[in-house]
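In this chain, numbering begins with 1 at the start of the sequence shown.
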Amino acid sequence: RILKSEGSSSDWGKNVSDFKERVFEIIEELTNDIDCCSEEISKQAIEHIHANEIILTIGRSKTVERFLKNAAKTRKFEVIVAEAAPSFSGHQMASNLAKSKISSTVITDSAIFAMMAR
């Protein structure tokens, strides 16, 4: 049974037999939207990254990695990756970017402020 906040009367007496199916459909739809998000974001890389830019990022993000790899198809740029201690996921990010021929440098987290001036 479901309670709606619309109107002044409640519908506690109304039986919603397909509620579980509807919830699963909505969850599946949201999951598909999330899966497609990364692809849609990476398609915009060309608009945001220009030639010879220096990009600063921290740690590893699959979405950011995909975004940068997509931009590298037509642009030449450098990526500075903060290591993201204590997990040090930035090392994996820099390694993955280097495998895709993207110039990348790993820095300590404490060096981020110094790199911002560049």
Side-chain angles (χ1 to χ4, degrees):
R1 295 172 193 240
I2 189 167
L3 173 66
K4 294 183 180 179
S5 62
E6 301 167 359
S8 60
S9 63
S10 65
D11 58 350
W12 280 105
K14 183 178 178 186
N15 190 6
V16 183
S17 59
D18 65 338
F19 181 73
K20 187 175 180 180
E21 290 176 24
R22 289 173 46 201
V23 168
F24 283 126
E25 287 174 10
I26 291 168
I27 290 172
E28 184 177 348
E29 184 179 325
L30 289 172
T31 302
N32 290 337
D33 287 349
I34 291 168
D35 291 342
C36 294
C37 257
S38 178
E39 183 179 336
E40 293 301 315
I41 291 169
S42 69
K43 287 179 182 177
Q44 298 178 27
I46 304 298
E47 299 171 28
H48 297 283
I49 296 180
H50 306 287
N52 302 317
E53 282 192 323
I54 299 173
I55 311 295
L56 175 63
T57 187
I58 185 168
R60 180 171 186 261
S61 161
K62 291 178 185 177
T63 303
V64 172
E65 184 177 325
R66 189 173 186 176
F67 181 86
L68 295 171
K69 286 179 178 180
N70 196 39
K73 291 177 183 176
T74 58
R75 305 274 196 266
K76 197 94 168 142
F77 55 91
E78 181 182 347
V79 180
I80 299 172
V81 184
E83 63 187 359
S87 69
F88 300 104
S89 60
H91 291 272
Q92 182 65 46
M93 175 73 145
S95 175
N96 292 348
L97 294 175
K99 288 176 187 172
S100 296
K101 308 285 191 249
I102 299 172
S103 174
S104 57
T105 304
V106 177
I107 62 170
T108 62
D109 297 340
S110 61
I112 292 173
F113 82 95
M115 299 308 292
M116 295 293 286
R118 288 181 65 188

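A distance-only check finds a donor-acceptor pair linking the side chain of Asn70 to the backbone of Ser42 [under 3.5 Å]. In this structure, Ser103 contributes its side chain and Glu78 its backbone to no donor-acceptor pair below 3.5 Å. A donor-acceptor pair under 3.5 Å links the side-chain atoms of Ser89 to the main chain of Arg60, judged by distance alone. Using modelled atom types, no side-chain atom of Arg75 and backbone atom of Asn52 make a donor-acceptor pair closer than 3.5 Å. The closest donor-acceptor contact from the side chain of Ser38 to the backbone of Asp35 lies at 3.5 Å or more, if one exists at all. Using a distance-only test at 3.5 Å, with no hydrogens or angles considered, a donor-acceptor pair links the side chain of Glu53 to the main chain of His50. Judged purely by atom type and a 3.5 angstrom limit, Asp109 uses its side chain to pair as donor or acceptor with the backbone of Ala85. Counting only distance, with no hydrogens or angles, the side chain of Thr31 and the backbone of Ile27 share a donor-acceptor pair below 3.5 Å.
Between Met93 and Leu68, the closest side-chain pair of non-hydrogen atoms falls below 4.5 Å.
By the criterion of side-chain heavy atoms lying less than 4.5 angstrom apart, applied directly or through intervening Ile, Leu, Val, Met, Phe, Trp or Tyr residues, Ile54 is grouped together with Met116 in one hydrophobic cluster. Criterion: ILVMFWY side-chain heavy atoms under 4.5 Å apart, direct or through other members. Under it, Leu56 and Val106 are not part of a common hydrophobic cluster. Placement of Met115 and Ile58 within a single hydrophobic cluster is found when ILVMFWY residues are connected by side-chain heavy-atom separations under 4.5 Å, directly or transitively. Ile107 and Leu97 end up in different hydrophobic clusters when Ile, Leu, Val, Met, Phe, Trp and Tyr side chains are linked at under 4.5 Å.
With values rounded to the nearest 0.5 angstrom, Glu83 atom CD is found 9.0 Å from Ile112 atom CD1. Note: Ser104 OG to Lys99 NZ = 11.0 Å, rounded to the nearest 0.5 Å. Summarising the geometry, atom CG belonging to Asp18 is positioned 8.0 Å from atom CD belonging to Glu25; distances are rounded to the nearest 0.5 Å. For the atom pair CD (Glu29) and CD1 (Ile34), the distance works out to 11.0 Å, reported to the nearest 0.5 Å.
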Before giving the answer on side-chain contact (heavy atoms from CB on, under 4.5 Å), spell out for Ile80 and Ile55 the whole-Å C-alpha distance, their side-chain angles and the decisive distance to 0.1 Å.
CA-CA 6 Å; Ile80 299 172; Ile55 311 295; over 6 Å; no
Show, in sequence, the C-alpha distance, side-chain angles and deciding distance for Phe67 and Thr63, and conclude whether the side-chain contact (heavy atoms from CB on, under 4.5 Å) test is met.
CA-CA 6 Å; Phe67 181 86; Thr63 303; 5.6 Å; no
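Considering every non-hydrogen atom in both Gly90 and Val81, the closest pair reads O-CG1, 3.4 Å.
Using a 4.0 Å cut-off between charged side-chain N and carboxylate O, Lys62 and Glu65 make no salt bridge.
For Glu28, the CD atom is loosely surrounded, since the number of other residues' heavy atoms within 6.0 Å does not exceed 12.
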